[in-house]
Number of protein chains: 2
Amino acid sequence: MNLRAAAVEPAPLRVCMRDRIRETLVARILDGTYPTGTKLKELPLAREFNVSQAPIREALRELEGSGLVSCERYRGTRVRGADFAELRESYELREIMEVRSLELAVPYAPAALQNFARCLRTMASAVARDNHEGYIDEALRFHRALVQGSGNQTFLRLWDSLHWEVRGRIALRRIAAQRRGLKPLLNLHRALLARMRAGDVEGATARLRALFATVSALA
Amino acid sequence: MNLRAAAVEPAPLRVCMRDRIRETLVARILDGTYPTGTKLKELPLAREFNVSQAPIREALRELEGSGLVSCERYRGTRVRGADFAELRESYELREIMEVRSLELAVPYAPAALQNFARCLRTMASAVARDNHEGYIDEALRFHRALVQGSGNQTFLRLWDSLHWEVRGRIALRRIAAQRRGLKPLLNLHRALLARMRAGDVEGATARLRALFATVSALA
DNA sequence: AACTGATCGATTATCGATAATCTACCGGCT
DNA sequence: AGCCGGTAGATTATCGATAATCGATCAGTT
């Protein structure tokens with residue numbers, strides 16, 4: 001699932017090596033295959049993907065831009081992100097963006113509210129059937145729509161660049177594995193939507209902050 | 001002035017073509033030499049910089065990461081940012097980051113407060129001497145330090161990636177050219193620092209928002 | 001032994017050329 | 001005229017090879 005491509009381009013169409021390589025590397029970094037500090041050497045990667053050095057380098061430059069790796073001239077590329085501190089920082093960033101988006105977007109148009117409600121129904125049925133991945137997919141759509149509602153394209157691009165389709169999955173799986181599962185998160189979303197419907201900015205942002213607090217509490 | 005490099009690496013040491021090219025392109029995009037929508041063709045750029053296609057492509061990939069251009073497969077790279085709407089969006093993002101940073105960092109340690117005070121003195125003397133560029137440099141240091149104070153590295157990297165050393169300069173020059181000049185901005189900073197000293201989060205964030213409102217009012 | 005400087009292997013940066021793909025244009029057909 | 005398919009030129013994506021740089025090692029000196 002690539003939310004960004006789905007929203008912006010008609011077809012993902014990954015004919016291009018660079019994209020395939022980049023997505024593979026993103027996944028490996030965020031799921032821990034490459035722990036923080038791992039050196040990503042270009043020629044070995046080139047051999048692994050059966051390509052030349054060029055597409056590897058370009059993929060690495062893109063990752064540098066999204067902050068997952070850092071490069072030092074003539075010294076190579078190292079994995080930067082994905083330890084827990086970094087995950088928490090990203091959530092902090094996401095929180096302030098989503099809170100501000102709420103403030104900018106309330107009151108919502110009926111069509112937007114219907115869209116959120118549809119997401120919520122799908123999330124609920126996923127929880128009912130213990131379909132964690134289904135819940136995660138839909139929750140990400142819900143939160144992305146929240147940011148989209150702000151009308152701030154810069155927010156949306158930033159949100160997309162943080163790769164929640166991978167990194168959110170990691171955090172939510174841990175919550176799903178807890179005793180109470182995803183039910184509390186679902187209920188918080190319900191309360192949030194109710195306040196959004198009521199046009200109650202204060203109440204809505206409070207619920208949204210509570211949602212993020214749940215994730216932060218993972219520790 | 002490259003704040004990012006100055007803070008992270010000992011020496012910028014731009015021995016590498018990619019960096020020189022990237023910085024040139026950033027400046028051209030943000031100062032309007034390349035208006036929004038301009039197609040950046042690789043071979044002509046390669047000829048201009050007397051390099052081959054490779055370093056150009058990598059520079060473009062980095063710009064894509066920081067959101068200044070967008071690429072479509074086999075269709076090339078176009079300038080994305082730097083119209084006024086985009087500038088406003090970036091300021092919105094910067095505002096929520098700086099406000100949140102304040103909330104996280106208050107109350108400040110004495111050393112940090114002294115640093116802010118030193119910035120402020122430099123800003124004041126620059127205004128007194130009508131040295132706009134000097135004011136801008138120091139104001140950017142002040143605001144960067146604000147974000148740094150949050151301890152959130154992700155915030156800081158994002159702040160750096162927005163190229164305020166170019167884009168902030170553009171906005172502030174317009175304010176400096178107005179009737180009242182930079183004086184009101186300086187006074188708002190003074191008020192802000194006073195509230196920071198007092199450990200008054202509410203008051204400080206209010207002053208900070210007022211600062212950003214001044215910029216947004218540029219229209 | 002500690003220090004200095006030269007050298008080698010590994011790795012990144014860049015090059016020049018080729019393959020893949022897109023866009024615009026053109027002629028034939030309905 | 002308007003539509004379709006194909007071809008040419010422009011542009012991007014990738015390749016394979018070379019140059020530049022780094023880190024570690026080692027000989028020689030004190």
Side-chain angles (χ1 to χ4, degrees), chain A residues 2 5 8-26 28-29 34-80, chain B residues 2 5 8-26 28-29 34-80:
Chain A
N2 186 327
V8 178
E9 292 162 16
L13 210 56
R14 68 180 57 128
V15 286
C16 140
M17 275 302 167
R18 202 177 90 209
D19 293 335
R20 210 173 348 219
I21 292 164
R22 190 193 59 242
E23 287 176 30
T24 304
L25 293 181
V26 166
R28 288 186 186 172
I29 291 170
Y34 295 147
T36 301
T38 305
K39 260 189 77 169
L40 299 181
K41 296 179 203 170
E42 300 172 0
L43 286 176
L45 285 172
R47 279 190 288 274
E48 180 190 341
F49 287 99
N50 274 98
V51 296
S52 90
Q53 213 180 337
I56 300 286
R57 285 176 63 82
E58 296 187 31
L60 292 176
R61 293 299 84 77
E62 294 188 89
L63 294 187
E64 185 183 21
S66 54
L68 288 174
V69 304
S70 72
C71 312
E72 287 183 272
R73 312 303 106 172
Y74 292 100
R75 265 181 221 187
T77 303
R78 303 179 94 74
V79 174
R80 178 205 287 280
Chain B
N2 187 327
V8 178
E9 291 160 17
L13 211 55
R14 66 180 57 128
V15 283
C16 142
M17 277 301 164
R18 202 176 90 212
D19 293 335
R20 206 168 357 211
I21 292 163
R22 189 193 59 241
E23 287 175 31
T24 304
L25 293 181
V26 166
R28 288 184 185 173
I29 292 171
Y34 295 148
T36 303
T38 305
K39 261 189 76 171
L40 300 180
K41 296 180 204 173
E42 300 171 359
L43 288 176
L45 285 172
R47 279 191 288 274
E48 180 190 343
F49 288 99
N50 274 96
V51 297
S52 90
Q53 216 181 335
I56 301 284
R57 285 176 63 80
E58 295 186 34
L60 292 176
R61 294 297 86 76
E62 294 186 90
L63 294 187
E64 186 183 20
S66 53
L68 289 175
V69 303
S70 74
C71 312
E72 287 183 88
R73 311 305 107 168
Y74 291 100
R75 262 182 225 188
T77 303
R78 305 182 91 83
V79 175
R80 180 205 286 280

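Chain letters run A, B, ... following the sequence lines, proteins first and then strands; every chain starts at 1. As a basis for the values below, the full set of heavy atoms in this structure was taken, side chains included, without hydrogen atoms, waters or symmetry mates.
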request  = Go through the structure and list residues passing side chain to side chain donor-acceptor pair (under 3.5 Å) with A/R18, not counting sequence neighbours.
outcome  =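 A/R18 satisfies side chain to side chain donor-acceptor pair (under 3.5 Å) with A/E62 only.
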query = For B/R78, what residues pass the salt bridge (charged side-chain N to carboxylate O under 4.0 Å, His left out) criterion, not counting sequence neighbours?
reply =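 Applying salt bridge (charged side-chain N to carboxylate O under 4.0 Å, His left out) to B/R78 gives none.
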inquiry  = Can you tell whether the side chains of B/R28 and B/E48 come within less than 4.0 Å, N to carboxylate O?
reply    =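 Yes, charged N to carboxylate O under 4.0 Å.
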query = Are any of the side-chain nitrogens in A/E64 or A/R73 under 4.0 Å away from the carboxylate oxygens of its partner?
reply =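 So A/E64 pairs with A/R73 through a salt bridge.
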Gap between atoms [atom1] and [atom2], on [X] and [N] respectively (whole Å):
X	N	atom1	atom2	value
A/R61	C/dT14	CZ	P	10 Å
A/E72	C/dT12	CD	C1'	13 Å
B/N50	C/dC15	CG	C1'	13 Å
A/R57	D/dC15	CZ	P	14 Å
A/K39	C/dT11	NZ	P	7 Å
A/R18	D/dC15	CZ	C1'	16 Å
A/R47	D/dT14	CZ	C1'	18 Å
A/I56	D/dA13	CD1	P	15 Å

inquiry  = I want to confirm an ordering. Mapping A/R75 and A/A54 to their closest nucleotides on DNA chain D, which one lands closer to the 5' end?
reply    =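 Its nearest nucleotide lies further toward 5', so the answer is A/A54.
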Taking side chain as C-beta onward, heavy atoms only, is [X] less than 4.5 Å from [Y]?
X	Y	answer
B/T77	B/R61	yes
B/T36	B/R80	no
B/I29	B/T38	no

Which pairs, protein N/O on one side and nucleotides 18-20 of chain D N/O on the other, fall under 3.5 Å?
none

Taking the side chain of [X] as its heavy atoms from C-beta onward, which of [options] lies nearest to it?
X	options	result
A/E42	C/dC22, C/dT12, C/dC15	C/dT12
A/C16	C/dT11, D/dT14, C/dC15	D/dT14
A/K41	C/dT14, D/dT14, C/dT11	C/dT11

message = Classify A/L40 by what it touches in the nucleic acid, base, sugar-phosphate, or nothing, heavy-atom distance under 4.0 Å.
response =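 Contact class for A/L40: sugar-phosphate only.
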